[in-house]
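Structure first, then comments.
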Amino acid sequence: MQVWRNSACLAITLVIALLTATGCGASRVSVTQQFPVPVVERLPVAMGIWLDEALLAHAHTEELESGKEWQIELGSAQTAMFQSLLAGMFERGEFVTGTTSANVDGVLVPSIEELQFSTPDQTRTDYFEVWIRYQMKLYGRNGELVADWPLTAYGQSNSRNFSMQGQEPALQAAALAACRDAMAFFIVQFRSIPAIQEWLAANGQGPSA
Amino acid sequence: MNPRLLDLLARCGAIAASLLVAGCVTSTVQEVREGNTGILATDSVVVLGRRTRPTNAETELDFVTCVSKNMGGGNDKINVIAEQEFLDAMFPWFEPRTAPVHTSDLPQLIGQAPLAERLNQIGLRYLVWIDGATQRTESSGSLTCSVSAAGAGCFGFLTWENDSSYEASIWDVRTGESVGKISSDAVGTSYMPAVIVPLPIIAPVRSSACSTMADQPKAFLQKKGSTADCSGDQKRLAARRTVHAAGSPPRISTTSPAKYSGSVAYHSCSPT
């Protein structure tokens with residue numbers, strides 16, 4: 001009986017120690033899912049996209065007041081996001097390196113300027129929230145800057161949807177929602193920017209052509 | 001461990017298991033018909049949670065999944081497209097930023113050739129928007145558990161009330177019009193007394209709301225309802241609910257009929 005008690009106490013101590021250790025570690029979240037190809041009328045232009053190293057390696061690390069450290073890796077999702085946008089939005093598209101390329105009519109260069117997030121503990125709600133501020137630049141055939149505009153995306157996820165899985169999947173879902181929102185906003189916004197409308201018209205395409 | 005204590009724990013566990021099925025839920029269902037319905041075997045339906053920003057009352061993912069699954073099951077099942085599959089197939093037009101808020105937004109959306117083509121491919125006939133959430137409205141009591149060398153046990157009493165309030169708006173994609181609304185409000189109080197072993201008496205509020213929100217729209221769509229024969233439909237609705245409300249008799253009241261509406265409240269003690 002004494003042996004049984006000692007074993008039980010040891011098991012409980014180990015479980016508590018394991019839980020404590022897990023609580024102290026940094027939580028890392030990455031968004032690497034596939035993204036859907038948008039269902040839109042394709043613009044009849046050849047578009048290049050340059051994803052620089054800074055964007056592809058983008059990670060946001062923050063230590064909260066509670067002492068818990070979070071890291072959100074968004075860089076790994078960028079290729080899949082822009083691959084889907086290229087496939088759905090433009091007649092032809094390819095990834096390029098640099099602001100000019102002989103094969104395309106224009107080159108789009110996105111960058112992440114800022115990322116913020118909040119947890120349910122901070123906001124006293126059930127939601128994890130993620131904000132991403134992109135800066136988008138479109139260069140013309142000769143490398144001239146055509147348009148430069150900010151793109152702000154937001155995603156939230158209800159932590160109650162992930163109550164049995166811990167906090168990481170909830171924050172991951174919020175980050176994924178923010179990435180999808182960035183894509184949605186880009187699709188809606190792209191054709192409405194005056195400088196881009198003029199550029200499309202100058203290329204013999206677009207609404208003012 | 002003391003054999004008597006083990007025996008007591010086993011008995012308490014058996015009682016707890018039997019009490020698990022005894023939660024009580026009071027539900028109120030309201031149905032408003034605004035247009036004719038009917039569904040073919042080739043037609044499909046999608047159930048979507050309302051996630052228009054900003055909101056602090058997003059419909060739970062598992063509730064939407066539960067409603068979809070229930071609508072797509074049973075003898076009178078209909079074709080239901082999974083929410084995420086639909087969102088991906090229609091991307092980006094049903095994302096929180098871009099999703100249509102009113103039926104008046106539908107014609108312009110469906111007017112886009114690629115989207116219309118995709119809708120035809122999947123055979124979508126009806127959109128069912130689910131709005132609402134389950135909230136804990138009240139809780140009280142305390143429960144303490146302790147572990148010692150002699151054994152483990154809990155003592156105390158907890159009680160909490162959950163309120164599931166949901167509304168389903170049904171849109172006909174072909175006509176671009178709203179055909180009806182169904183709302184469900186389910187309230188139930190759960191209890192957990194504990195004398196050594198906690199004995200949970202859980203009121204299945206959300207699962208009750210899920211069943212209602214699946215069964216009602218399914219019947220609503222399959223019924224070839226017409227705004228012209230409202231009174232007949234209303235009678236059939238009340239009669240069917242009486243069967244559902246096994247236990248105590250339902251309290252039927254009619255709300256102001258803009259076109260046709262009916263509501264019913266019932267109390268039932270249903271299994272989890």
Side-chain angles (χ1 to χ4, degrees), chain A residues 1-2 4-6 8-9 11-13 15-16 33-42 81 84-85 87-89 120 123-129 131 151-164 169-170 173-174 176-190, chain B residues 1-3 6 49-66 83-99 108-122 124 132-136 146-152 162 164 206:
Chain A
M1 185 62 78
Q2 187 64 38
W4 183 87
R5 281 182 189 161
N6 287 342
C9 285
I12 291 167
T13 309
V15 168
I16 292 169
Q33 292 199 18
Q34 294 288 315
F35 291 90
V37 174
V39 188
V40 291
E41 284 188 33
R42 288 192 179 136
M81 281 172 67
S84 292
L85 287 174
M89 279 185 76
T123 55
R124 307 281 178 208
T125 66
D126 290 329
Y127 295 91
F128 278 90
E129 296 172 290
W131 293 264
L151 188 148
T152 309
Y154 170 78
Q156 72 175 35
S157 80
N158 191 339
S159 59
R160 290 167 68 189
N161 290 329
F162 304 91
S163 55
M164 303 298 282
L176 176 63
C179 290
R180 287 178 72 113
D181 188 52
M183 292 172 71
F185 195 21
F186 178 80
I187 293 162
V188 173
Q189 193 186 34
F190 188 76
Chain B
M1 190 180 282
N2 189 332
L6 278 173
R50 261 285 173 217
R51 300 198 178 88
T52 310
R53 311 290 190 224
T55 179
N56 279 326
E58 198 173 276
T59 308
E60 303 91 343
L61 288 175
D62 57 349
F63 185 81
V64 176
T65 308
C66 175
E83 184 183 34
Q84 193 58 51
E85 192 185 315
F86 177 79
L87 294 177
D88 287 350
M90 294 293 143
F91 187 78
W93 304 113
F94 286 84
E95 297 296 300
R97 182 187 289 273
T98 52
Q108 191 189 356
L109 193 62
I110 299 166
Q112 297 180 55
L115 202 64
E117 192 183 330
R118 185 64 61 87
L119 283 170
N120 274 338
Q121 277 173 7
I122 61 175
L124 187 76
T134 297
Q135 311 246 326
R136 181 159 297 178
S146 60
V147 182
S148 71
N162 283 349
S164 286
R206 200 156 70 157

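Just so we're clear, the structure is a prediction, and the values are computed from it rather than from any experiment. Chain letters run A, B, ... following the sequence lines, proteins first, then strands; residues in each count from 1.
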* Quick one: pull up CD in B:Glu95 and CD1 in A:Ile187 and give me the separation to the nearest 0.5 Å. => 8.5 Å

* Engaged part of A:Val40 at the chain B interface, taking heavy atoms whose separation is under 4.5 Å -> both

* Donor-acceptor under 3.5 Å (B:Trp93 side chain, A:Val39 main chain) -> yes

* To do: Scan side-chain atoms only and decide if B:Gln112 and A:Glu41 contain a donor-acceptor pair under the 3.5 Å cut-off.
  => no

* Segment of A:Phe35 engaging chain B (4.5 angstrom heavy-atom cut-off) -> neither

* Asked: Is it true that atom CD of B:Gln108 has more than 12 heavy atoms of other residues, nucleotides or ligands lying nearer than 6.0 Å?
  -> no

* Asked: Hey, is CD on A:Gln189 packed in by over 12 heavy atoms from elsewhere, all under 6.0 Å?
  -> yes

* Under 3.5 Å: donor-acceptor pair, side chain of A:Tyr127, backbone of B:Glu58 -> yes

* Say you draw a straight line from CG of A:Asn161 to CD of B:Glu60; how long is it, rounded to the nearest 0.5 Å? -> 7.0 Å

* To do: Compare all side-chain heavy atoms of B:Thr98 with those of A:Val188 and state whether any distance is below 4.5 angstrom.
  => yes

* Under 4.5 Å heavy-atom distance to chain B, tell me which part of A:Arg180 shows up: side chain, backbone, both or neither. => both

* Is a side-chain donor or acceptor of B:Asp88 paired with a backbone partner of A:Pro36 at a separation under 3.5 angstrom? -> no

